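Side chains are part of it too, since the values below use all heavy atoms of this structure and drop only hydrogens, waters and symmetry mates. Fair warning: this is a prediction, and the values are worked out from it, not measured in the lab. Atoms within a ligand are numbered from 1 in the order they appear, just like the ligands themselves.
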Amino acid sequence: MPNIQIKSYQEYEEAYKRSVEDPEGFWSDIASTFTWRKKWNTTLEWNFEEPNVKWFKGGRLNITENCLDRHLKTRGNKLALIWEPNDPKERFVRYTYRELHEKVCQFANVLKKNGAKKGDRICIYMPMIPELAFAVLACARIGAIHSVVFAGFSAVAMADRINDAQCSMVLTSDGLNRGAKQIPVKRVVDEALERCDSVKKVIVVERLGWAVNMVDGRDVWYHDEVQGVSKDCPAEEMDAEDMLFILYTSGSTGKPKGVVHTCGGYMVYAQYSFSNVFQVQENDIYWCTADIGWITGHTYLLYGPLLSGSTSLMFEGVPTFPDMGRFWQVVDKFGVNIFYTAPTAIRSLMGGDIDDVLSYSLDSLKVLGSVGEPINEEAWHWYHTHVGKERCPLVDTWWQTETGGIMISTIASITPMKPSHAALPLPGIQPILVDAEGKEITDNEVEGYLCMKFPWPSIIRTTYGDHERARLSYFSTYKGLYFTGDGAKRDKDGLYRIIGRVDDVINVSGHRFGTAEIEEAINHNSHVVESAVVGYPHDVKGQGIYAFVICKDVPEREDYLRAEIIETVVEKIGKIAKPDKIQIVNGLPKTRSGKIMRRILRKVAEGDTSNLGDTSTLLDPDVVDEIKAGAL
Ligand code: WT7
């Protein structure tokens, strides 16, 4: 681990300089610290036109050998995973590297016994239980491509993802715990599979002990299958550019796309970024509160920490159960040293009683992290003061599902830290700001569209089954550049501040939704003729979802209609995409060519209608007055 870790600002500057002047030499040296079955022939091959990016071409490896096997000699008895259940009264569980290795191998053998093989796509729809971690790594062990679907998505959303990737298997559980609630999970899978033909097997892990419907010949219990199965499973040898996983994320148009990451580059960047940003030391207890269903959980709960031989804490519960002090109680209980969470969690806890934080010591904390959305200054200061006691550096990490790992972030105690600023790029990352024409803005104290001009090892390779979509989404807006979809500022010292999405993507509590995707769901409601969705500032969620809806028949009780529309969204996407506000309108502000002027709707949603800008091109300017009058 130490050999890839930057130790001073000077080392950062040197590493950065080399990574730009000699990227191949730079990454080749870092990659050499990993276990490869066969060394690569070419470090990097790339163009952003097709796009085609290949790192460590010809290299052969298995990421789980790097996460597990290579640590057995020196860290076999070290804790790899600590699992804290939802209910503090239930006992936590710990796994050493040796035990985790066995669990993963056994799970891998169960997959094989049920017909899974290299290259198969396997959907994982599971709550935050240890078996979720085993399942993900077991797929990687046998070379199957995991597609984790967050267990809060609906049956329809799961089915879309299963069908897109043509998954042959689903790994799930009977149910899940979420705070005081218990939620059926297998039932959602059953409903999803009514729409899917590709799935031949479902493996069910018992969590709640609920009786569930088991389909003969298709569904099996994990605890039955694992009986007598070997704890040894040789890792499948993979090509550096073989797919490791698919993870679906929302874009500004159409259905969610399957972001593809590959074995070699993802592995190298996951460990490099993890080890550096958090300045992880050998005996640190590290806790990332993200669900493995999102990229943060993939890279910084599972792969990054395990590649580094660190101890990673996995939490089944929520920040507010049984009370608002739950996070801090867990920090004290395990002596957590590094804590990584989302601004939305901080903002929800800020609303509580300050004693819910102050009654815990939090002495063990050394580094704090933030991820997923811009962290406003108020939340930044609350987190830094009350959790970090002004002692811990707070790293604001900017990245995306598509980037695989952290791109712009303070390196704890090494590079500059400034409230609400992600600050400087990591070595190997070459951000630029461009204007609307795609021209690079080289000055400081400017604002522009955030792009990348050079590939890094964990850059998205393609969108599953549709390479053209990847090209159009990320590589066509500005020629020769990867476009992030974000707007950003750069201050006088060159530090970046991410403003947020400039496309039709809304970031709700750190989760992405396309406005088109939510509109499509709303339009499924039989009363609805047309809808337009925009984001608006929300105290806790960062952005809330505001829907303007035209209905053909407005019933007497508008609230029934609203409830029904919400139900439709929950059914098509999931509870996490529920509109916060629904305004029933008679018309939408459209230009003569039929384009909805979202700018106006955004203003109305923000509650700022003083200056709506030029509305002269509207087909029917009167709708604006009506919408303004009915604003929620
Ligand atoms: C979008 C990516 C990758 C982490 C989880 C979210 C926003 C992410 C920050 C940050 C400001 C941020 C961006 C980005 N975002 N981190 N530190 N500061 N904005 O991954 O779902 O792929 O969303 O989240 O808008 O484009 P994601």
Side-chain angles (χ1 to χ4, degrees), residues 148-150 152-153 245-252 256-261 266 269-270 273-274 277 288-301 303-304 340-347 368-377 379-380 383 394-410 417-426 429 431 449-452 456 458-460 463 473-474 477 482-490 495-514 517 535 537 541-543 576-577:
V148 183
V149 176
F150 173 63
F153 278 115
F245 66 84
I246 306 169
L247 188 59
Y248 285 84
T249 192
S250 298
S252 49
K257 45 200 170 197
V259 172
V260 170
H261 285 289
Y266 176 81
Y269 199 72
S273 54
F274 172 74
V277 168
C288 165
T289 67
D291 192 291
I292 291 178
W294 311 108
I295 190 70
T296 309
H298 279 58
T299 310
Y300 298 112
L301 193 159
Y303 285 115
Y340 191 30
T341 197
T344 188
I346 298 300
R347 287 192 300 261
L368 303 178
S370 171
V371 62
E373 35 166 340
I375 180 165
N376 50 309
E377 294 195 27
W380 194 98
Y383 192 20
L394 198 178
V395 298
D396 178 359
T397 65
W398 174 85
W399 57 298
Q400 310 178 291
T401 305
E402 295 86 344
T403 69
I406 297 169
M407 303 284 283
I408 305 181
S409 169
T410 295
M417 170 176 93
K418 182 176 174 185
S420 304
H421 285 65
L424 294 178
L426 298 196
I429 306 306
Y449 299 107
L450 182 62
C451 296
M452 299 293 152
W456 59 99
S458 60
I459 186 175
I460 178 177
T463 41
S473 307
Y474 310 106
T477 317
Y482 166 85
F483 176 44
T484 64
D486 280 317
K489 290 185 177 179
R490 194 167 50 217
L495 308 186
Y496 286 88
R497 175 180 197 149
I498 310 302
I499 301 162
R501 305 291 308 196
V502 294
D503 52 6
D504 290 320
V505 169
I506 314 185
N507 190 326
V508 186
S509 302
H511 306 315
R512 265 160 71 175
F513 297 99
E517 184 189 358
K541 300 178 179 183
Q543 279 191 296
I576 41 179

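E517 pairs by the salt bridge (Lys or Arg N to Asp or Glu O under 4.0 Å) definition with nothing, not counting sequence neighbours. Residues passing the side-chain contact (heavy atoms from CB on, under 4.5 Å) test with S473, sequence neighbours excluded: K257, R469. Not counting sequence neighbours, D486 has no partner by the salt bridge (Lys or Arg N to Asp or Glu O under 4.0 Å) test.
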Contact table ligand 1 N or O to protein N or O, d under 3.5 Å:
| residue | atom | partner | partner atom | Å |
| --- | --- | --- | --- | --- |
| ligand 1 | 15 (N) | G372 | O | 3.3 |
| ligand 1 | 16 (N) | G372 | N | 3.2 |
| ligand 1 | 17 (N) | D396 | OD1 | 2.7 |
| ligand 1 | 17 (N) | T397 | O | 2.8 |
| ligand 1 | 18 (N) | E373 | O | 3.4 |
| ligand 1 | 19 (N) | P374 | N | 3.4 |
| ligand 1 | 22 (O) | T401 | N | 2.7 |
| ligand 1 | 22 (O) | T401 | OG1 | 2.5 |
| ligand 1 | 22 (O) | R512 | NH1 | 2.8 |
| ligand 1 | 24 (O) | G372 | O | 3.2 |
| ligand 1 | 24 (O) | N507 | ND2 | 3.3 |
| ligand 1 | 25 (O) | D486 | OD1 | 2.6 |
| ligand 1 | 25 (O) | D486 | OD2 | 3.3 |
| ligand 1 | 26 (O) | Q400 | NE2 | 2.9 |
| ligand 1 | 26 (O) | D486 | OD1 | 3.4 |
| ligand 1 | 26 (O) | D486 | OD2 | 2.6 |
| ligand 1 | 26 (O) | R501 | NH1 | 2.9 |

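Between the side chains of T299 and Y266, at least one donor N or O sits under 3.5 Å from an acceptor N or O. If you check the side chains of S273 and Y300, you find a donor sitting under 3.5 Å from an acceptor. Remark: the T397 side chain and the Y340 side chain contain an N/O donor-acceptor pair separated by less than 3.5 Å.
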